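Below is one structure, written out as structure tokens; the observations come after it.
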Amino acid sequence: MTVLLPHGSGDSDLDCAEAASLLDVPANALRSWSERLSFPHDVGGAGSPRFRRSEIEALRDALPLSHSVSGAIHAARLRVHG
């Protein structure tokens, strides 16, 4: 599967709303996955959650291929962190 990345994408940080939009999930679901399953990692400071674009893109690509969120997270972790 070929994924076209937006111009200028890299390992920048996304706020929770941007990340949730890329995944097509509610922001509350994304925060819950981060808290319960420790992925994607919240790299934000004391303010609102922020996530690495590379983790969000890996998760976005894994979700349609997996039968569960935990399975998609496992695949995305392997893709990003080896």
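These numbers come from the heavy atoms of this one structure, side chains and all, not from hydrogens, waters or symmetry mates. Position 1 is the first residue of the sequence; numbering continues from there. In this text the structure is predicted, and so the values were computed from the model without any measurement.
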Ion pair check, Asp61 and Arg79, cut-off under 4.0 Å: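 Counted as a salt bridge, because a side-chain N and a carboxylate O are separated by less than 4.0 Å.
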Quick one: do Arg50 and Ser12 satisfy side chain to side chain contact (heavy atoms under 4.5 Å, CB included)? Show the steps, please. CA-CA 10 Å; Arg50 297 192 64 79; Ser12 58; over 6 Å; no
With side chains defined as the heavy atoms from C-beta onward, is the minimum distance between Leu30 and Pro40 less than 4.5 Å?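 Sidechains of Pro40 and Leu30: in contact.
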Could you check if a side-chain atom of Glu57 sits within less than 4.5 angstrom of a side-chain atom of Val80, using non-hydrogen atoms only?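 In short, these two side chains do not touch, never coming nearer than 4.5 Å.
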Glu18 side chain to Asp15 main-chain N or O, any donor-acceptor pair under 3.5 Å?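 At least one qualifying donor-acceptor pair exists.
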Please give me the minimum heavy-atom distance between Leu63 and Ala72, naming the atom from each residue.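 Nearest heavy atoms, Leu63 then Ala72: CD2-CB, 3.6 Å.
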List the atom of Arg31, the atom of Pro49, and the distance in Å for their closest heavy-atom pair.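 Heavy atoms of Arg31 and Pro49 come nearest at CD-CG, 3.7 Å.
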Separation of [Y] [atom2] from [X] [atom1] (nearest 0.5 Å):
X	Y	atom1	atom2	answer
Cys16	Ile56	SG	CD1	8.0 Å
Arg60	Leu23	CZ	CG	8.0 Å
Ile73	Ser66	CD1	OG	9.0 Å
Ser68	His74	OG	NE2	10.5 Å

If the condition is salt bridge (charged side-chain N to carboxylate O under 4.0 Å, His left out), which residues does Arg52 pass it with, not counting sequence neighbours?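 Residues passing salt bridge (charged side-chain N to carboxylate O under 4.0 Å, His left out) with Arg52: Asp13.
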Do Leu37 and Leu59 sit in one hydrophobic cluster, given that two such residues count as connected whenever their side-chain heavy atoms are within less than 4.5 Å of each other, even indirectly?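 Yes: a chain of side-chain contacts under 4.5 Å links Leu37 to Leu59.
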Output every pair passing ring pair (Phe, Tyr, Trp, His ring centres under 6.0 Å) with a member in residues 19-60, not counting sequence neighbours, ordered by first then second residue.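 Residue pairs with at least one partner in residues 19-60: Phe39-His41, His41-His81.
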